[in-house]
Amino acid sequence: MPELPEVEVIRRGLAPRLVGRRFLAVRMGSRRLRQASSPEDLSRWLQGRLLKHLRRRGKYLVFLLEGGVTLLIHLGMTGRLLLGAPIREKDHIHVVFTLEGGLTLAFQDVRRFGQVLVFPPGRAPTPLQQVGREPFSRRATAAWLAEQARGRCRPIKNFLLDGRLLAGLGNIYACEILFAAGLHPATPAGELSLEEWERVLKETRRILRRAIRLGGTTVNDFLNSQGETGLFQTVLNVYGRAGEPCRRCGAVIARLVQAGRATFFCPRCQPLKPLSRSTF
DNA sequence: CACCCCACCTGCGTGC
DNA sequence: TGCACGCAGGTGGGGT
């Protein structure tokens, strides 16, 4: 479910409520998550500690606690972090954190692809080492992207989905970015010109910023920390719109499958380039 | 090394 | 009504 904008929306909702408070208790359900620390470790390292910062790296939420303890939460496909006692849907809640002032934070995850991992002082949060460059950072440049893509044949769509390169993009935003950049999703990454990489990066930033401003995309079940839906789904140009007319040119939006995932694009706004000279 | 498939889960919509 | 199937925002292990 949540890509960079959704995770960032959640982070911004949680930070003012949680930062500066202590974790008092952690309760865990019995069903396994894809990756989770034991209830004992979570309690041992969180209990009584003050939350100093709440950051985001890619699609991870990074809770920095006093004494060098780090809590990582990844929402997988269907994860939610809900503030306050969830009234309606008490199902699929796997972890409940209690903080000072009676505040509760519930981790809900229907499909259980999420991760809740605690790292003691001195132990690096290893999953973050796989996370690529932040799209908004100065280190993410068109030249760097071109360099990473040099000689690569994989489609640009799959390249954008590789979180070890550019962090935080998922299926929805990868599709929307390529539409905005006017690039066919099957274009080999290595064939993009520097000018095209500049366009990709510019559109990536513009779309992510706008999605954050609109509270994320609720295609199916995304909710922010207050239990509210996003609005970006109302301005999607291609994702989930196969068979519908392109908002820009009227052509029928197409769907194809790349690396096992659906890709949506406009065949007229995103034409396949003729093969470059370098391939004879 | 580069790249893809598939498993990991549950729920929902569709078509028979 | 019931059942089988396909599909869904992510990740990473294992295979080609």
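FYI, side chains are in, hydrogens and waters are out, and symmetry mates aren't considered; it's all heavy atoms of this structure. Every chain is numbered from 1, with letters handed out A, B, ... down the list of sequences.
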Asker: dC9(B) and dG14(C): how far apart are their P atoms, nearest whole angstrom?
Answerer: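 After rounding to an integer number of Å, I get 16 Å for this pair.
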Asker: Tell me the salt bridge (charged side-chain N to carboxylate O under 4.0 Å, His left out) pairs involving residues 158-183 of chain A, sequence neighbours left out?
Answerer: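 Checked against salt bridge (charged side-chain N to carboxylate O under 4.0 Å, His left out) - neighbours excluded - the pairs reaching residues 158-183 of chain A are R154(A)-D162(A), D162(A)-R164(A).
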Asker: So, is N171(A) close to the dA8(C) phosphate, meaning a side-chain N or O under 4.0 Å from OP1 or OP2?
Answerer: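 So the side-chain polar atoms of N171(A) never come under 4.0 Å of the phosphate oxygens OP1 or OP2 of dA8(C).
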Asker: Just checking D109(A): base, sugar-phosphate only, or nothing, at a heavy-atom cut-off of under 4.0 Å?
Answerer: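 D109(A): no heavy atom of the nucleic acid under 4.0 Å.
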Asker: So what does P5(A) hit on the nucleic acid, given a heavy-atom distance under 4.0 Å: a base, only sugar-phosphate, or nothing?
Answerer: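 No contact at all - P5(A) keeps every heavy atom at 4.0 Å or more from the nucleic acid.
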Asker: Kindly indicate whether the side chain of R17(A), heavy atoms from C-beta on, has any atom under 4.5 Å from the side chain of L83(A).
Answerer: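 Yes; the side chains approach each other to less than 4.5 Å.
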Asker: Check this for me: does any side-chain nitrogen of one of K59(A) and E6(A) sit under 4.0 Å from a carboxylate oxygen of the other?
Answerer: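 No.
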Asker: With sequence neighbours left out, what residues match Y173(A) under ring pair (Phe, Tyr, Trp, His ring centres under 6.0 Å)?
Answerer: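 For Y173(A) the ring pair (Phe, Tyr, Trp, His ring centres under 6.0 Å) partners, ignoring immediate neighbours, are F232(A).
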Asker: I'd like a table of atom pairs between the protein and nucleotides 9-12 of chain B - only N or O on both sides, under 3.5 Å - with the distance next to each one.
Answerer:
from: dC9(B); atom 1: O3'; to: R112(A); atom 2: NH2; distance (Å): 2.7
from: dC9(B); atom 1: O2; to: R111(A); atom 2: NE; distance (Å): 2.7
from: dC9(B); atom 1: N3; to: R111(A); atom 2: NH2; distance (Å): 3.2
from: dT10(B); atom 1: OP1; to: R31(A); atom 2: NH2; distance (Å): 2.6
from: dT10(B); atom 1: OP1; to: R112(A); atom 2: NH2; distance (Å): 2.5
from: dG11(B); atom 1: OP1; to: H92(A); atom 2: NE2; distance (Å): 3.0

Asker: Just the rounded figure in Å: distance from P of dC4(B) to NZ of K157(A).
Answerer: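 It works out to 11 Å between those atoms.
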Asker: Which nucleotide, dC4(B), dG10(C), dC3(B), lies nearest any side-chain atom of R152(A)?
Answerer: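 The closest nucleotide is dC3(B).
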Asker: Would you write the dot-bracket representation of DNA chain B, where each base gets (, ), [, ], | or . depending on whether it forms a Watson-Crick or G-U pair under 3.5 Å and with which partner?
Answerer: .|||||||.|||||||
Asker: Would you mind reading off the distance between I10(A) atom CD1 and dG10(C) atom C1', rounded to a whole angstrom?
Answerer: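 Answer to the nearest Å: 14 Å.
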Asker: With rounding to whole Å, what would you report as the distance between dG11(B) and dT11(C) at their P atoms?
Answerer: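 About 22 Å, rounded to a whole number of Å.
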Asker: Within the structure provided, determine whether L50(A) and L65(A) are in side-chain contact (heavy-atom separation under 4.5 Å).
Answerer: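 Side-chain contact under 4.5 Å: no.
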Asker: Please report, rounded to the nearest Å, how far the C1' atom of dC1(B) is from the CZ atom of F159(A).
Answerer: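 About 15 Å, once rounded to whole Å.
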Asker: Find out whether the Lys NZ or Arg CZ of R248(A) is both under 6.0 angstrom from the six-membered ring centre of F179(A) and within 45° of the ring's axis.
Answerer: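 The answer is yes, since R248(A) meets both limits relative to F179(A).
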Asker: Could R56(A) and E8(A) be called an ion pair, given the rule that one side-chain N must be under 4.0 Å from one carboxylate O?
Answerer: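 Salt bridge: yes.
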Asker: Rounded to whole Å, how long is the line connecting atom CG of D221(A) with atom P of dG13(B)?
Answerer: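 Whole-Å distance recorded here is 12 Å.
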Asker: Taking atom types as modelled and ignoring hydrogens, do the side chains of T217(A) and Q233(A) form a donor-acceptor contact shorter than 3.5 angstrom?
Answerer: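 Absent: no donor and acceptor within the cut-off.
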Asker: If you round to the nearest 0.5 Å, how far is CZ of R80(A) from CD of Q108(A)?
Answerer: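 Atom-to-atom, Q108(A):CD and R80(A):CZ are 5.0 Å apart.
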Asker: Provide, to the nearest angstrom, the distance between the CD1 atom belonging to I73(A) and the C1' atom belonging to dG10(C).
Answerer: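 Computing the I73(A):CD1 to dG10(C):C1' distance gives 16 Å.
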Asker: Calculate the interatomic distance between R80(A) atom CZ and dA8(C) atom C1'; express it in whole Å.
Answerer: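 Rounded to the whole Å, the gap is 14 Å.
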Asker: Could you tell me the separation between the CG atom of L33(A) and the C1' atom of dA7(B), rounded to a whole number of Å?
Answerer: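 Atom-to-atom, L33(A) to dA7(B), this comes out as 17 Å.
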Asker: Is K202(A) salt-bridged to E198(A), going by a charged N under 4.0 Å from an acidic O?
Answerer: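 Between E198(A) and K202(A) there is no salt bridge, as every charged N stays at least 4.0 Å from the carboxylate O atoms.
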Asker: Mind checking if Y239(A) touches a base, just sugar-phosphate, or nothing, with heavy atoms under 4.0 Å?
Answerer: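 Result for Y239(A) = sugar-phosphate.
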Asker: Encode nucleotides 11-16 of chain C as B, S and - characters from 5' to 3', where the letter depends on protein heavy atoms closer than 4.0 Å: B to the base, S only to sugar-phosphate, - to neither.
Answerer: BS----
Asker: Is it true that a side-chain atom of E228(A) and a backbone atom of N224(A) form a donor plus acceptor pair closer than 3.5 Å?
Answerer: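 Judged by distance alone, no pair lies under 3.5 Å.
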Asker: Among all residues two or more places apart in sequence or in another chain, which pass the side chain to side chain donor-acceptor pair (under 3.5 Å) test with S193(A)?
Answerer: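 With sequence neighbours excluded, S193(A) shows a side chain to side chain donor-acceptor pair (under 3.5 Å) to E196(A), given in chain and number order.
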